[in-house]
Every structure is written in structure tokens, then in C-alpha cells.
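What follows is a set of notes on a single structure, which appears directly below.
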Amino acid sequence: MPELPEVETVKTSLNTLVSGKTIREVRVYYSPMVEGSIWDFQNALKGKTVQSVSRRGKYLLWHLGDTTLVSHLRMEGKYYLKDVDAQKDKHEHVVFVFDDGESLHYHDVRKFGTFVLRETETLFATPPLDKLGPEPLSEAFTPDALRPYLKGERSIKTVLLDQRTVAGIGNIYADEILYCAGVHPKTKAKSVRDADTLVRCVCDILIKAVRDGGASIRSYKNTLGESGRFQLNLNVHTREGEPCRACSHTIVKTKVGNRGTYYCPHCQKR
DNA sequence: CCCACTGTTTTAGG
DNA sequence: GCCTAAAACAGTGG
């Protein structure tokens with residue numbers, strides 16, 4: 001499911017729903033999702049209070065004092081707050097039980113999501129967060145920060161999807177950003193000269209998507225079970241065969257780096 | 001039934 | 001270092 005705008009929306013929900021709660025117990029029903037031993041994982045979390053939840057790229061960070069829980073939703077991960085005695089759904093693989101009788105259920109049909117515990121002190125110096133590029137909505141993401149990546153033979157879409165370039169862009173938003181910038185997704189990175197426009201489009205698209213609570217294309221729902229609204233504002237992604245909103249030419253679907261890729265052949269030239 | 005596809009990331013092999 | 005294909009997994013649609 002989630003790219004930066006969706007993860008940001010989940011982060012906001014989790015902050016209101018679980019900040020200040022103390023973990024009484026953690027139940028793990030599918031252990032490959034958790035790094036290391038389940039026993040260590042459960043014991044490290046037991047008794048910890050959730051100070052806040054933040055986001056770095058597509059990762060959710062549960063701040064627990066000396067320890068930070070790093071959660072990645074991958075394709076389909078979702079969190080739902082339930083009563084402690086609620087029936088566990090078939091696709092719920094981790095349940096956090098709080099001492100106030102509520103529980104947070106991690107739901108993930110494809111079981112791709114991951115949980116790792118890190119010492120807060122070295123959180124950003126150890127995988128998986130150590131190689132991430134700048135936050136696209138921070139001051140650190142500037143044309144000068146992007147320019148070093150605008151070289152080489154890789155396609156510009158591949159570069160935007162590389163989390164080392166900038167953190168949080170995935171398949172939907174890469175397509176929308178390149179449409180905004182008027183750049184064909186297969187353009188070689190070295191041929192993209194206008195770093196300013198690209199940075200502006202990254203910010204524009206992501207800010208609007210965050211404002212809309214993310215995009216719900218197939219399965220994405222936020223922690224309150226609500227759909228996002230940004231799918232209504234998509235210009236190219238999932239619009240194969242439909243007319244471009246700007247020029248009426250037909251939106252085309254192709255593959256770039258093995259990912260389904262949509263673009264307008266008239267507005268986006270190589 | 002079979003194949004392709006799906007919002008991610010990592011890894012193997014050329 | 002690059003690129004591709006495949007892997008982790010489950011569901012859906014043609």
C-alpha cells in the first residue's frame with residue numbers, strides 16, 4: 001500500500017490513538033516479520049510507553065525511550081485499533097496489547113511488512129534507516145541535493161524510486177511527479193537538466209497527497225479504516241486508455257524497471 | 001487452471 | 001556499479 005503520504009497519514013492516526021499508552025503484551029503470530037528472536041522482541045517492548053510515532057521515508061518510528069520500534073508496511077500493512085478481546089482477523093500477524101484494554105492489530109495480507117527494534121541512540125546510523133536520502137518535504141531536499149543523482153544511464157523513474165536519492169517516493173507518486181515535471185519516465189537520469197522543476201513537483205505532489213490523506217487504489221485504508229482521496233486527483237497512474245487532463249492524448253502504460261508505469265506521450269517527452 | 005499483476009525491498013547473477 | 005529477474009506472500013482478474 002503505502003508511500004510517503006499514506007505512511008504520513010497512518011503516523012498521524014497512530015499518534016492520536018496510541019501515544020501515551022503503555023504496552024502490556026505483544027503477540028506475534030507470524031515470526032518472519034520480526035527481526036531476531038520473538039522472545040527478545042516481546043520482552044523489549046513489554047512495559048514500554050509509546051512517547052510518540054514519527055515517520056522517516058516509508059518507515060514508521062515508534063519512540064519508546066531508549067528503544068525505537070521501526071515498522072515498514074511494505075505493500076499492504078495496516079494498523080487497526082481494537083478492543084482487547086476483539087477476534088483476531090486471519091491476516092493480523094502482530095497484536096500490541098496496551099494496559100488500558102485497547103489493542104493495536106497489525107494487518108498484512110501479503111506478510112511483507114517488517115518490524116525491527118533499534119537503540120534510539122544509533123537509530124539513524126544503522127540499517128534500515130542509515131542509507132535513506134533526504135526527506136522530500138524538508139529543507140534538506142533541494143535542487144543541489146538532487147543534482148548529484150541526475151547522471152548516469154538509469155531511468156529518471158528508477159532514480160526517484162531509489163530511497164537513497166530521496167526518501168518516501170514509490171510507484172504511484174513517481175509517475176505523478178514525472179507527469180508534473182513533463183519528463184518521460186524512461187529518460188536517462190543524465191539527460192534531466194531541470195532539477196528545480198523536479199524538486200518543485202516532488203514537493204507539490206506529495207504535499208497535495210498528504211493533504212488528501214493519501215491515495216486508495218486497491219487496498220489502502222488508514223488506521224481508522226478510512227480511504228484516502230488523492231486517487232481522485234491522479235493524472236496518469238491507473239489511467240491507461242483515458243485522456244490526459246491537459247492535452248487529451250491517451251495515457252499509456254509501459255514498464256520501467258519492472259514496475260507498471262503510466263505517462264502521457266504528448267506531455268512527457270524523452 | 002494458468003498467468004499476470006499489485007502501493008516494497010533485497011538479493012542473486014550477468 | 002548497472003540491470004534484470006526472482007523472492008518473500010496472498011488475492012484478484014483475464
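Only this structure's heavy atoms are used, side chains among them; waters, hydrogens and symmetry mates stay out. These numbers were taken from a predicted model, which means no experiment stands behind them. Note on naming: letters A, B, ... go to the chains in the order of the sequence lines (proteins, then strands), and numbering restarts at 1 for each one.
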Between [atom2] on [N] and [atom1] on [X], what's the gap in Å once rounded to a whole number?
| X | N | atom1 | atom2 | result |
| --- | --- | --- | --- | --- |
| A/Y262 | B/dC5 | OH | P | 10 Å |
| A/E176 | B/dG7 | CD | P | 13 Å |
| A/K78 | B/dT8 | NZ | P | 13 Å |
| A/L160 | B/dT8 | CG | P | 13 Å |
| A/L161 | C/dT4 | CG | P | 13 Å |
| A/I217 | C/dT12 | CD1 | P | 18 Å |
| A/F112 | B/dT10 | CZ | P | 13 Å |
| A/K111 | C/dG11 | NZ | C1' | 13 Å |

task: For A/Y30, report the nucleic acid contact type (base, sugar-phosphate, nothing); a contact means any heavy atom under 4.0 Å.
output: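 Sugar-phosphate: the residue A/Y30, judged by heavy atoms under 4.0 Å, touches backbone atoms but no base.
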- prompt: Is A/G260 touching bases, backbone alone, or none of the nucleic acid, heavy atoms closer than 4.0 Å?
  reply: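 Sugar-phosphate contact only.
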Please work out whether the ring planes of [X] and [Y] are parallel, tilted or perpendicular, with thresholds of 30° and 60°.
| X | Y | answer |
| --- | --- | --- |
| A/H107 | A/Y80 | perpendicular |
| A/Y79 | A/F115 | perpendicular |
| A/H266 | A/H249 | parallel |

Counting only side-chain heavy atoms from C-beta out, which of [options] sits nearest to [X]?
| X | options | value |
| --- | --- | --- |
| A/R164 | C/dC3, B/dT10, C/dC2 | C/dC2 |
| A/Y59 | C/dG11, B/dT10, B/dG7 | B/dT10 |
| A/V109 | B/dT9, C/dG11, C/dC3 | C/dG11 |
| A/N258 | C/dA10, C/dT4, C/dC2 | C/dT4 |
| A/K253 | B/dT8, B/dT9, B/dC5 | B/dC5 |

What integer number of Å spans the [atom1] atoms of [N] and [M]?
| N | M | atom1 | answer |
| --- | --- | --- | --- |
| B/dC3 | C/dA6 | C1' | 16 Å |
| C/dA5 | B/dA4 | P | 12 Å |
| C/dG1 | B/dT8 | P | 23 Å |
| B/dT9 | C/dG11 | P | 23 Å |

- prompt: How do A/K255 and A/R259 order along DNA chain B: which one's closest nucleotide is nearer the 5' end?
  reply: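 Here A/K255 is the residue nearer the 5' end.
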message: Using Watson-Crick or G-U wobble geometry with both distances under 3.5 Å, which nucleotide pairs with B/dG7?
response: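 Pairing partner: none.
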- prompt: For C/dC3, which nucleotide in any strand shown is its Watson-Crick or wobble partner with both distances under 3.5 Å?
  reply: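 Base partner found: B/dG13.
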- request: Using atom types as modelled and distance alone, determine if a side-chain donor or acceptor of A/Q231 lies under 3.5 Å from a backbone N or O of A/S216.
  value: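 Between the backbone of A/S216 and the side chain of A/Q231 there is a qualifying donor-acceptor contact (under 3.5 Å).
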With a 4.0 Å limit, can you tell me whether [X] has a side-chain N or O closer than that to the phosphate oxygens OP1/OP2 of [N]?
| X | N | result |
| --- | --- | --- |
| A/K90 | C/dG11 | yes |
| A/K58 | B/dT9 | yes |
| A/H91 | C/dA10 | no |
| A/R110 | B/dG7 | no |
| A/H72 | B/dT8 | no |

field: Salt-bridge criterion met for A/R164 and A/D130 (N-O under 4.0 Å)
entry: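 Here A/R164 does not pair with A/D130 in a salt bridge, since their nearest N and O are not under 4.0 Å apart.
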- request: For the residue pair A/T254 and A/T261, confirm or rule out a side-chain donor-acceptor distance under 3.5 Å.
  value: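 Their side chains do not contain a donor-acceptor pair, so the 3.5 Å distance test is not met.
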- request: Evaluate disulfide (SG to SG under 2.5 Å) for A/C244 paired with A/C264, printing each intermediate quantity in order.
  value: CA-CA 6 Å; A/C244 172; A/C264 170; 3.8 Å; no
